[in-house]
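First the proteins, then the strands, lettered A, B, ... as listed; each starts at 1.
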Protein chains: 2
Amino acid sequence: MKLNLTMQRKAVLEVLQHAHDHPTAADVMDRLRAQGNVFAYGTVYNSLRYLTEVGLVKELKLGEAASRYDAKMEDHHHVVCTRCGRVDEVTIELPAEWLGKAAQETNYELHHASVVLEGVCSSCSVQNSPSK
Amino acid sequence: MKLNLTMQRKAVLEVLQHAHDHPTAADVMDRLRAQGNVFAYGTVYNSLRYLTEVGLVKELKLGEAASRYDAKMEDHHHVVCTRCGRVDEVTIELPAEWLGKAAQETNYELHHASVVLEGVCSSCSVQNSPSK
DNA sequence: TCTAAATTTATAATAATTCTAAACAAGGGA
DNA sequence: TCCCTTGTTTAGAATTATTATAAATTTAGA
């Protein structure tokens, strides 16, 4: 099964590779449009699915409505700012020891771990606390 | 602001308290129906939101389409079986040291951490490996 | 070149959830 | 008690993200 990168798939991949954030499918669509590539919605979703399947991008489900996509393939975790919604990356790895304990507790054969942290990012915490 | 537990909210809460799994809104709806409580969908969602806001239940976003709800309030993490979709709990806590490093790396003020592990549960791994 | 398979497209469909407006209920004064 | 305000439930419409469908198009291989 060899890689079949059509021009639309290539364009989607490039958007993700040049992004320094974590765009949703709609974001990807917008950025393609901005550069003159008008594809059908289905094509963008299809491309994202294809690229995910062949392992060129990763789908992030961070508990928001929409999935985000990421071309950076090293395994990493994420922090979401509860004030502004910004998402940043956490590159340090979960201690193997902790994963071992979790596997033992649950009796699962673990394949993957994903941590979503929540907090307030530095720019939001500079502004005075919310009134609420 | 005092607690306002209407009978529908109470019924929803009770379903969650008696559940030993992690029901979705639709599951809650079904269980209510099964016991003769037919509420509007909006009401179930409303109740779940209210109960979450006052801190009696927790909304779990595990990367599936639908949110799951849980009346168990101690903080804990989850494992999802990639074969059968079953969800189990992980009660061990993330090492504070790791969280500290994450806070340092990201420069966030962290409030909450949620880990979603993926793997194969014991009953699925007993059955011979999938053909795929 | 011809054919079969894969892909794109536009659009319809689905699933989970929220919104809306009307009807209802409850509680606190006058 | 009656009235009024406020909050809640209800049914159904609306929204959002995503997937499915079917026709048209492209691609690759014989």
- NA contact type, A/S67, heavy-atom cut-off 4.0 Å: base, sugar-phosphate, or nothing? sugar-phosphate
- Shortest non-hydrogen separation from A/L99 to A/L110 and the atoms involved: O-CD1, 3.7 Å
- Note on the structure: Rounded to whole Å, CD of B/E64 lies from P of C/dT17 at a distance of 11 Å
- Message: Check this for me, if you would: do B/R68 and B/D70 make a salt bridge, where the nitrogen-to-carboxylate-oxygen distance has to be below 4.0 angstrom?
- Response: no
- Note on the structure: Here the pair of heavy atoms bringing A/V120 nearest to A/C81 is CA-SG, 4.0 Å
- Tell me: CG of A/N4 to P of C/dA4, nearest whole Å? 20 Å
- Query: Parallel, tilted or perpendicular: which describes the rings of B/H22 and B/H76, with under 30° parallel and over 60° perpendicular?
  - Reply: tilted
- Message: Output the rounded distance in Å from CG (B/D27) to C1' (C/dA15).
- Response: 14 Å
- Query: Taking the side chain of A/Q8 as heavy atoms from C-beta outward, which of D/dT18, C/dT17, C/dT9 is closest to it?
  - Reply: C/dT9
- Rounded to whole angstrom units, what separation is found between the NZ atom of A/K61 and the P atom of D/dA17? 15 Å
- Task: Calculate the interatomic distance between A/Y45 atom OH and C/dA12 atom P; express it in whole Å.
- Result: 18 Å
- Proximal nucleotide (of D/dT18, C/dT17, D/dT8) relative to the B/A25 side chain: C/dT17
- If you check the A/R9 side chain, which of D/dA17, C/dT8, C/dT18 turns out closest? C/dT8
- Whole Å only: how far is the CG atom of A/L48 from the P atom of D/dA17? 14 Å
- Rounded to the nearest angstrom, tell me the gap between atom OH in A/Y50 and atom P in D/dT18. 21 Å
- Here the gap from B/K101 atom NZ to B/E105 atom CD, rounded to the nearest 0.5 Å, amounts to 10.0 Å
With 3.5 Å as the limit, what N/O pairs link the protein to nucleotides 21-26 of chain D?
none

- Task: Find out whether B/K58 and B/D75 are in side-chain contact, i.e. whether some heavy atom of one side chain is under 4.5 Å from a heavy atom of the other.
- Result: yes
- Note on the structure: So, with a heavy-atom separation below 4.0 Å from DNA chain C, the residues of residues 31-40 of chain B are none
- 4.5 Å side-chain heavy-atom contact, B/C84 and B/S123: no
- Task: Ignoring hydrogens and angles, state whether a donor on the side chain of B/S67 or B/E59 is under 3.5 Å from an acceptor on the partner side chain.
- Result: yes
- Which word best sums up how the rings of A/H77 and B/W98 line up, parallel for under 30°, tilted for 30 to 60°, or perpendicular for over 60°? perpendicular
- Check step by step if side chain to side chain contact (heavy atoms under 4.5 Å, CB included) holds for B/L5 and B/L51. CA-CA 9 Å; B/L5 281 190; B/L51 294 168; 3.9 Å; yes
- Query: How would you label the contact of B/T43 with the nucleic acid (heavy atoms, under 4.0 Å): base, sugar-phosphate, or nothing?
  - Reply: base
- Between B/L32 and B/Q35, is any pair of side-chain heavy atoms under 4.5 Å apart? yes
- Query: A/Y41 has an atom OH; how far is it from atom C1' of D/dA17, in whole Å?
  - Reply: 9 Å
- B/D21 and B/R86 ion-paired at < 4.0 Å: no
Considering only nitrogen or oxygen atoms on both sides, find all protein atoms under 3.5 Å from nucleotides 22-28 of chain C and state each distance.
none

